[in-house]
Number of protein chains: 2
Amino acid sequence: MSVKNAILGLLHYKDMHGYSIKEHIEKHFGNMWTVNYGQIYPGLRSLEEEGFIAMVELAPSEDGGPHKKLYSITEAGRAAFQEWIESSPERQMFLRDPFLMRFIFFGFSDRESALRIIDEQIAFYREQMERRQKNVPRWEGYGVYVRLMAEMGLNLNKTYLDWLVNARDEIARCGEEELEWRRGAVIS
Amino acid sequence: MSVKNAILGLLHYKDMHGYSIKEHIEKHFGNMWTVNYGQIYPGLRSLEEEGFIAMVELAPSEDGGPHKKLYSITEAGRAAFQEWIESSPERQMFLRDPFLMRFIFFGFSDRESALRIIDEQIAFYREQMERRQKNVPRWEGYGVYVRLMAEMGLNLNKTYLDWLVNARDEIARCGEEELEWRRGAVIS
DNA sequence: TCTACCATGTAATCTGTTACATGATTGC
DNA sequence: GCAATCATGTAACAGATTACATGGTAGA
């Protein structure tokens, strides 16, 4: 599970608790991933059982239940992480995009619906691009790899957006007959 | 489930059976997705139960078990598909890349391991890029949307590859101290 | 006081992957 | 005869999402 490896990685920087681990995975590192507590907390638990992390502090609330568990990586954890990071990645990139999944079938819808949805998508990615660009200075202090990762996020965002704008243009311009799907022609 | 919607989409072109649906999702449409039979066959079953598709032919093997089930989309299926395709996409792009997940933590590994893994990745994406480029002529007959989708696959591939090559270069060139992670500096 | 955010967790559900089992057909 | 590919399916597992339940702290 790569969420578990990401936790081990983050704990190299400093001791953390679940909430801030989620935050770091989501807000830093190029804003490329989302994680849920449903992955974080069970992940922490299982890492603790394996002896890869250990709770170092538990700030207790008055009259109260356990609160704010601070975790630290153990030597065994560092060793496991080293083994993981030096091995070759198991699988290739996994991209799932509900918009693209629709896009490919827009030939079975009308041009107006298609353009409407593409415009929504353009607006969304434009906003995201601006957010990313505003964040650029934040990556300055963060070492080479983190900075490169953030650049990657920006590059992908740009590629996607440029493609969207160009696609919108072509679809708006091209003749009705080109947009049609032709029974014989389309499927081999 | 978008695999089910993809099945409904493909059945607009012509009647198909499970095996060729998988093939079309994987080999056509820009080579962007993978699917397994564990999604296809249960998907077909549930679409049939919902009345969105119907079996039209069952080529029987001699002395035998059912073989080659041909499915067709029903009117109810077309209606459900139309509703789906005209609605706005539910979620944004989901990218999970085991390589990128490692990359961000390469500061905790040595430069040699990092460069080795990056080189492997470059080799892989170069090959994939060549495969995609060879496939370009195949998309000619396939209508505007399918062609644009294939172009998108190529664009993303190119962006990724260019970034990898540039990243490799920067990492190879930069000083040891820049590669280091600094406890205070890195995590806010 | 109320809102926003910090903080931890679980259960149900959905989605995706791997491995297995089975057998027919096609081309070398 | 053998290998590759066509074809259908299931079971176990892994991974991700949603919704819920709970309560603390800081600031307007």
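To find a chain, count down the sequence lines: A is the first, B the second, and so on, and within it residues start at 1.
- Between Gln39(A) and dG15(D) there is no side-chain N or O to OP1 or OP2 distance below 4.0 Å.
- Partners of Arg96(B) by salt bridge (charged side-chain N to carboxylate O under 4.0 Å, His left out), not counting sequence neighbours: none found.
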Are there any protein N/O atoms within less than 3.5 Å of an N/O atom in nucleotides 4-6 of chain C, and if so, which ones and at what distance?
from   : atom 1 : to       : atom 2 : distance (Å)
dC6(C) : OP2    : Tyr19(A) : OH     : 2.7

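- Distances were taken from every side-chain heavy atom of Tyr41(B) (C-beta onward) to each of dG16(C), dT17(D), dG9(D); the shortest belongs to dG9(D).
- Taking atom CE of residue Met32(A) and atom C1' of nucleotide dA16(D), one finds them 18 Å apart after rounding to whole Å.
- In this structure Tyr160(A) satisfies the ring pair (Phe, Tyr, Trp, His ring centres under 6.0 Å) test together with Tyr125(A), sequence neighbours excluded.
- For Tyr37(A), the ring pair (Phe, Tyr, Trp, His ring centres under 6.0 Å) criterion is met by Tyr41(A), not counting sequence neighbours.
- Trp33(A) meets the ring pair (Phe, Tyr, Trp, His ring centres under 6.0 Å) test with no other residue; sequence neighbours excluded.
- Qualifying salt bridge (charged side-chain N to carboxylate O under 4.0 Å, His left out) partners for Arg132(B), counting only residues two or more places apart in sequence or in other chains: none.
- Atom pair His24(B):NE2 and dA7(D):P shows a separation of 11 Å (rounding to whole Å applied).
- Judged by distance alone, the side chain of Ser109(A) and the main-chain N or O of Ala114(A) form no donor-acceptor pair under 3.5 Å.
- Remark: P of dC20(D) and CG of Asn36(A) are 15 Å apart, rounded to the nearest angstrom.
- Checking dG9(D), dG16(C), dT8(C) against the side-chain heavy atoms of Arg96(A) singles out dG16(C) as nearest.
- In this structure, the nucleotide among dT10(D), dG9(C), dT17(D) sitting nearest to the side chain of Arg45(B) is dT10(D).
- In terms of phosphate contacts, Lys22(A) brings no side-chain nitrogen or oxygen within less than 4.0 Å of OP1 or OP2 of dT8(C).
- In this structure, the CG atom of Leu44(B) is 14 Å from the P atom of dA7(D), given to the nearest Å.
- Both Gly18(B) and Val35(A) lie near DNA chain D, and the one whose nearest nucleotide falls closer to the 5' end is Gly18(B).
- Residues Arg116(B) and Glu120(B) are paired through a salt bridge, judged by an N-O separation under 4.0 Å between the basic side chain and the carboxylate.
- Taking atom CD of residue Glu26(B) and atom P of nucleotide dG16(C), one finds them 13 Å apart after rounding to whole Å.
- Straight-line distance from the CE atom of Met101(A) to the C1' atom of dG16(C): 13 Å, rounded to whole Å.
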Got a list of side-chain donor-acceptor pairs under 3.5 Å for residues 79-86 of chain A, not counting sequence neighbours?
from     : atom 1 : to        : atom 2 : distance (Å)
Gln82(A) : NE2    : Phe108(B) : O      : 2.8

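- Look at Tyr37(B) and you won't find any side-chain N or O under 4.0 angstrom from OP1 or OP2 of dG9(D).
- Put simply, the side chain of Met93(B) does not reach to within 4.5 Å of the side chain of Gln128(A), judged on heavy atoms.
- Checked against side chain to side chain contact (heavy atoms under 4.5 Å, CB included), Arg45(B) has the following partners two or more places apart in sequence or in another chain: Glu49(B).
- For the pair Trp33(B) CH2 and dT15(C) C1', the computed distance is 16 Å after rounding to whole Å.
- From one end of the helix from dT1(C)-dA28(D) to dC28(C)-dG1(D) to the other, with five pairs defining each end axis, the axis direction shifts by 30° (rounded to 10°).
- The distance from atom CE of Met16(B) to atom C1' of dT8(D) is 17 Å, rounded to the nearest whole Å.
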